[in-house]
Number of protein chains: 2
Amino acid sequence: MLSKRTKYGLKALTYMARNHSEGTVQIAMIATSENIPHKFLESILLTLKKTGLLGAKKGKGGGYYLLKEPAEMKMTDIIRTLEGPIAMLPCVSLNYYEKCDDCPDEDTCSVHKLMIQVRDNTLQIFRNTTLADLV
Amino acid sequence: MLSKRTKYGLKALTYMARNHSEGTVQIAMIATSENIPHKFLESILLTLKKTGLLGAKKGKGGGYYLLKEPAEMKMTDIIRTLEGPIAMLPCVSLNYYEKCDDCPDEDTCSVHKLMIQVRDNTLQIFRNTTLADLV
DNA sequence: TATTACCCTATAGGATTACTAGGGTTTAAG
DNA sequence: CTTAAACCCTAGTAATCCTATAGGGTAATA
């Protein structure tokens, strides 16, 4: 299951992509428009900024803005930033790999093989979808 | 992310499928062989029994056994029993549907559409994979 | 210089996860 | 018919994560 954090983040980014031409967007705008708790959204946009997906301008008339064209922003990057691993098991994660405690040998683990299939499939969708596709 | 509960359950079922010809299998056997905490596994097998995937025989010489041929046991059934919804959002779940609080209209929600894609893809894998494929 | 809007830390309440404890009940074997 | 094996069931618990809020600090602009 996706966390609300990720879902909210995606909705916020989509909102920004829709209003892309109009410069900066304020937290409050997005929050009310997309029904996201203000302070929660604030922390989400902050992490998106830290990972280089968003830029921000302080002071009056400030706000957040996309650092890349929507068509350049892949789902893989967004979701990994907000949610973490895309894989369903740590032992099949490309970016957050971790060995299983119980499994003596990954190559012969049947669950491992199955989850690699799922991961590859999901990854293909996320790689081929950009923010522009969501608008 | 899959819970350990689901992962352990899948491993246990696979173990049972491998030793399918030999009648009942005891919890202790599976637990030691697959490195699963005994009592935890007990509760997992219990729920698999309640949903009709496993049968059990009490008393000396008893144990658990598969109620269907491995080739008849679909991943969808197993995973839904142990993990719950397969979808990444409640609003795209077939079996555990729930409306989102924030979303006024699902049909125009971009995140919704994306997650339907992912669900359909994952579902196709799980529908076409049986316990026999894992052995 | 006042206001706006982002920036940052801390934390609280609730849910979920991964177990563990402790015993009850049924069944088959000796 | 007794005993021990093995499933059955109910609680509970420590740790972690999730969602969200509080409260103020800082930079920039009008």
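The structure presented is a predicted model; accordingly, all values stated were derived computationally and were not measured. A note on names: the letters A, B, ... follow the listed sequences, proteins ahead of strands, and every chain is numbered from 1.
Distance CD (B/Gln26) to P (C/dT27): 17 Å, rounded to an integer number of Å. If you measure from atom NZ of A/Lys49 to atom P of C/dC6, you get 11 Å, rounded to the nearest angstrom. Per the geometry, CD1 belonging to A/Ile30 stands 13 Å off P belonging to C/dA5, to the nearest Å. At whole-Å resolution of the value, CG in A/Leu54 and P in C/dA5 are 17 Å apart. Atom P of nucleotide D/dG25 and atom NZ of A/Lys39 are separated by 13 Å, given to the nearest angstrom. Here D/dA20 presents its C1' atom at 16 Å from CG of A/Asn35, a figure rounded to the nearest Å. Put simply, CG on B/Leu48 is 16 Å from C1' on D/dC9, counting in whole angstrom units. The distance from atom CG of B/Leu41 to atom C1' of D/dA6 is 13 Å, rounded to the nearest whole Å.
Looking at the side chain of A/Tyr64, the nearest of the listed nucleotides D/dC8, D/dT21, C/dC7 is C/dC7. Closest to the side chain of B/Pro37, out of C/dC6, C/dT20, D/dT29, is C/dT20. Looking at the side chain of A/Phe40, the nearest of the listed nucleotides D/dA6, D/dA20, C/dA5 is D/dA20. Taking every side-chain heavy atom of A/Lys50 into account, C/dC8 is the closest of C/dC8, D/dT19, D/dA6. Listed nucleotides: D/dT19, D/dC7, C/dG22. Nearest to the side chain of B/Ala56: D/dC7. The side chain of B/Leu46 lies closest to D/dC8, out of D/dG23, C/dA5, D/dC8.
Counting non-hydrogen atoms of neighbouring residues, nucleotides and ligands closer than 6.0 angstrom, the CE atom of A/Met29 reaches no more than 12 such neighbours. The 12-atom threshold is not exceeded at CD of B/Gln124, counting heavy atoms of other residues, nucleotides or ligands nearer than 6.0 Å.
For A/Lys57, no side-chain nitrogen or oxygen approaches OP1 or OP2 of D/dA28 to under 4.0 Å. In terms of phosphate contacts, A/Lys58 brings no side-chain nitrogen or oxygen within less than 4.0 Å of OP1 or OP2 of D/dT29.
Donor-acceptor pairing under 3.5 Å, judged by distance alone, is absent between the side chain of B/Glu42 and the base of D/dC7. With hydrogens and angles left out, the side chain of B/Lys60 and the base of C/dG30 share no donor-acceptor pair within 3.5 Å.
Here A/Lys4 lies in heavy-atom contact (under 4.0 Å) with sugar-phosphate atoms only. Across all strands, B/Ile27 comes closer than 4.0 Å only to sugar-phosphate atoms, never to a base (heavy-atom distances).
Ion pairing between a basic and an acidic side chain is recognised when a charged N comes within 4.0 Å of a carboxylate O; B/Asp102 and A/Lys11 show such pairing. A salt bridge between A/Lys4 and A/Glu34 is absent, with no side-chain N of the basic residue lying under 4.0 Å from a carboxylate O of the acidic one.
In this model, a donor atom of one side chain and an acceptor atom of the other lie less than 3.5 Å apart for A/Ser3 and A/Glu83.
Ranked by how close their nearest DNA chain D nucleotide is to the 5' end, A/Gly61 and B/Gly59 are led by B/Gly59. Residue whose closest nucleotide on DNA chain C sits further toward the 5' end, between B/Glu83 and A/Ala28: A/Ala28.
For the pair A/Leu66/A/Leu131, a side-chain contact is recorded, criterion being any heavy-atom separation below 4.5 Å from C-beta on.
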